[in-house]
Visitor: 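Got a structure here, written out as structure tokens. Questions coming.
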Amino acid sequence: MASKSKVQWSSKTAFLLAAVGSAVGLGNIWRFPYLAGENGGSAFVLVYVGFVFLIGIPVLLAELTIGRRGGMSPIGSVRKIALESGLSKHWDWLGRVGTFGGGLGLLSFYSVIAGWVMAYIIQAAIGAFSGITAVEAQGAMQDYSAHAGTMTFWHFAFTGITVFIVGKGIQGGLEKAVTYLMPALFLLLLLMVGYSMATAEFGKAVEFLFTPDFSKINSGVVLTALGQAFFSLSVTVGTMFAYGAYLPKDVSLHKSAILIASADTAVALLAGLAIFPLVFAYGLSPDSGPTLIFVTLPIAFGQMPGGAVIGTAFFVLLTIAAITSSISLLEPAVAWFEERFRMKRWYASLIGGGIAFLVGMLTLYSNNDWAELVPLSFVGIETVSGKIANWGNLIDFFVSNMVMPISGFMIAIFAGWFVKRDFLKEEMGLPEGGIFEIWHVLIKYVVPLALGYVIFMGLK
């Protein structure tokens, strides 16, 4: 087994910027608003926030703890902790599922969407949305998705940016990127919220997001909210194992986990406050689904004063958020390639990025040439989550609804039932009882029960 990593974050601030950047991504600014719109607004928000703190933080803290104690790639750290606890080394499959099924799997379709966002920066900047109608906006989106060559270019460009940053290392690549990108992201987001506050419909958006309507909470809302909590926090995909491995001993793990989750949730809510006032102000539908930012918002940008500037800023904001997350999704695989094969970091980054790019082509072609192809029709699976079961929707469903919940379930079982309790207390720097006991009860009982329900519903 490779020795413990000597690479560390240069400071607590650098780690927090990177971890928050990992959590804050398209999941907050693209996925959260459209899921909130589809699932009753405040009903979804209420359940989502509850799951972030009851389910997300315990898993996040478990990953950071195991990652720092192991000090290796997610696979290496889980194996090391398992052996220290007198368990089989084969527990390392838990790290493998997160690193490859979760991290690279998520990155594969994430980069396709992020490439799409990059393409829309140019469209917004040249004023292509000016006076655009709903039919024209829909047509523009369909026109883009119909051209596999154009989508491939942007998919490749985004993957290339991700590989370049990760290839330069922790302090030379990841830290430098988030040091500039995260402040820019928060500034742009606050400017967007400030603009939305000036609209007449800001109050309606606040009511939509924060006035509880318990009648809209059903099993579908619960399932979606829990999935979004995991998607948003970057847990179960190897990232926080890897980032924890580079963490100095003097950093408080439980305080960091709470801060990361709080910042991540705040960004998601701010994104809702930036987007929904525009949606309501221009008479658009909040339940537009995944096309919310590609069809609905361009209409709003095309009608508002200074829409070209605001639209460009918005898609730049999305791109920044996507990059800070994508580099964290690639890092676990790169760390393992370095550790397992003694591979130079640049080569490891190219291989990991190449795998994600190639798998992403399945999602890309599912938007055009292979849109009607149903690869699992021979076993009777024609649809997933109400959508045709093409490659793109299958990969999305498999990662979001199966890999991530199952990985989270097993992390909770591993940390709560098998890892020696003293190891966890020692690494967290917490005494018996108090915060540690609350966390241990959540990770041992509450998280497995909640995620067991999600897995059951996903299979059903």
Side-chain angles (χ1 to χ4, degrees), residues 18-19 21-32 34-35 56 59-60 63 73-75 94-117 155 158-159 161-163 165-166 174 224 226-243 264 268 290 318-319 321-336 349 351-364 366-367 384-385 391-411 451 454-455 458:
S22 171
V24 173
L26 291 181
N28 301 73
I29 304 172
W30 164 62
R31 203 169 188 261
F32 173 81
Y34 88 69
L35 288 178
V59 176
L60 173 57
E63 291 193 14
S73 71
I75 298 169
L94 186 55
R96 296 177 192 276
V97 170
T99 297
F100 296 104
L104 291 188
L106 185 57
L107 180 60
S108 73
F109 66 83
Y110 196 94
S111 61
V112 174
I113 303 298
W116 202 326
V117 171
H155 173 41
F158 183 82
T159 305
I161 292 171
T162 303
V163 168
I165 293 173
V166 175
L174 273 69
T224 304
L226 185 51
Q228 174 61 16
F230 268 46
F231 190 102
S232 179
L233 284 175
S234 286
V235 292
T236 74
V237 293
T239 294
M240 294 304 171
F241 282 128
Y243 278 15
D264 176 69
L318 271 180
T319 301
I323 291 171
T324 59
S325 289
S326 67
I327 57 180
S328 73
L329 294 172
L330 181 56
E331 177 59 30
V334 171
W336 184 75
S349 299
I351 292 173
I355 293 171
F357 175 79
L358 292 175
V359 176
M361 293 300 292
L362 296 174
T363 295
L364 190 151
S366 295
N367 284 279
V384 288
S385 298
W391 278 114
N393 292 330
L394 280 173
I395 293 172
D396 187 356
F397 178 84
F398 177 71
V399 174
S400 301
N401 295 71
M402 300 304 299
V403 171
M404 294 175 75
I406 290 174
S407 180
F409 177 85
M410 291 310 301
I411 289 169
L451 292 181
V454 170
I455 294 166

Visitor: Are Leu330 and Leu107 side-chain neighbours, meaning at least one heavy-atom pair lies under 4.5 Å?
Guide: yes
Visitor: What pairs of residues pass the salt bridge (charged side-chain N to carboxylate O under 4.0 Å, His left out) test when at least one of them lies in residues 395-409, not counting sequence neighbours?
Guide: none
Visitor: Can a donor-acceptor pair be found, under 3.5 Å and without considering hydrogens, that links the side chain of Thr324 to the backbone of Ala321?
Guide: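 Flag set: sc Thr324 to bb Ala321 pair under 3.5 Å.
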Visitor: Between the side chains of Ser407 and Thr236, is a donor N or O closer than 3.5 angstrom to an acceptor N or O?
Guide: no
Visitor: Locate the shortest heavy-atom distance separating Asn28 from Ser232; write the atom from each residue and the value.
Guide: ND2-OG, 3.3 Å
Visitor: On a heavy-atom basis, which atom in Ile327 and which in Val166 lie closest, and how many Å separate them?
Guide: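 Looks like O-CG2, 3.6 Å.
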Visitor: State the CD1-OG distance between Ile161 and Ser326, to the nearest 0.5 angstrom.
Guide: 8.5 Å
Visitor: In the structure I gave you, are the side-chain heavy atoms of Ile411 and Phe241 within less than 4.5 Å of one another anywhere?
Guide: yes
Visitor: When you measure from the side chain of Thr363 to the backbone N and O of Val359, does any donor-acceptor pair fall under 3.5 Å?
Guide: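 No, Thr363 side chain to Val359 backbone: no donor-acceptor pair under 3.5 Å.
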Visitor: For the atom pair CZ (Phe32) and CG (Asp264), what is the distance rounded to the nearest 0.5 Å?
Guide: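 Here the rounded value is 10.0 Å.
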Visitor: Might you work through the side chain to side chain contact (heavy atoms under 4.5 Å, CB included) test for Leu174 and Glu331, ending with a clear yes or no?
Guide: CA-CA 9 Å; Leu174 273 69; Glu331 177 59 30; 4.1 Å; yes
Visitor: Has Tyr110 got a side-chain atom pairing as donor or acceptor with Gly360's backbone, closer than 3.5 angstrom?
Guide: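 Checking the backbone N and O of Gly360 against the side chain of Tyr110, no donor-acceptor pair under 3.5 Å is found.
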Visitor: Which heavy atom of Phe158 sits nearest a heavy atom of Thr319, and at what distance?
Guide: CE1-O, 4.5 Å
Visitor: So do Ile395 and Leu362 actually touch side chain to side chain, heavy atoms under 4.5 Å?
Guide: yes
Visitor: Mind checking whether Leu26 and Arg31 have side chains closer than 4.5 Å, heavy atoms only?
Guide: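 The answer is no; the side chains never approach within 4.5 Å.
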Visitor: Which atom names give the shortest non-hydrogen contact between Leu364 and His155, and what distance separates them?
Guide: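 Looks like CD1-CB, 3.9 Å.
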Visitor: Does Leu329 reach the side chain of Leu104, with side-chain heavy atoms less than 4.5 Å apart?
Guide: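 In short, these two side chains do not touch, never coming nearer than 4.5 Å.
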Visitor: Are any non-hydrogen side-chain atoms of Phe357 and Val112 less than 4.5 angstrom apart?
Guide: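 When only atoms from C-beta onward are counted, Val112 and Phe357 do not touch, as no gap falls below 4.5 Å.
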Visitor: Judged by atom type as modelled, is there a donor-acceptor pair below 3.5 Å linking the side chain of Ser108 to the main-chain atoms of Gly105?
Guide: yes
Visitor: Tell me, do Phe109 and Leu106 make a side-chain contact under 4.5 Å, heavy atoms counted?
Guide: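 Yes, side chains in contact.
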Visitor: Decide yes or no for Tyr243 and Glu63: does some side-chain heavy atom of the first lie under 4.5 Å from some side-chain heavy atom of the second?
Guide: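 Sidechains of Glu63 and Tyr243: no contact.
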Visitor: Are the side chain of Gln228 and the backbone of Gly27 linked by a donor-acceptor contact shorter than 3.5 Å?
Guide: yes
Visitor: Look up atom CE in Met402 and atom CG in Leu394, then write down how far apart they are to the nearest 0.5 Å.
Guide: 12.0 Å
Visitor: To the nearest 0.5 Å, what is the distance between CH2 (Trp30) and CD1 (Ile113)?
Guide: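 Trp30 CH2 to Ile113 CD1: 4.5 Å, rounded to 0.5 Å.
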Visitor: Output the distance between atom CD1 (Ile455) and atom CD1 (Ile406), rounded to the nearest 0.5 Å.
Guide: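 Nearest 0.5 Å value for the CD1-CD1 distance: 5.0 Å.
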Visitor: How far apart are the closest heavy atoms of Pro74 and Gly238, and which atoms are they?
Guide: CG-O, 3.3 Å
Visitor: Check whether Ser325 reaches the backbone of Val24 with its side chain - one donor and one acceptor, N or O, closer than 3.5 Å.
Guide: yes
Visitor: Quick check: closest heavy atoms across Pro405 and Leu451, and the distance to 0.1 Å?
Guide: O-CD1, 3.8 Å
Visitor: Without swapping roles, check the side chain of Ser234 against the backbone of Ser22 for a donor-acceptor pair under 3.5 Å.
Guide: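 It does hold such a pair.
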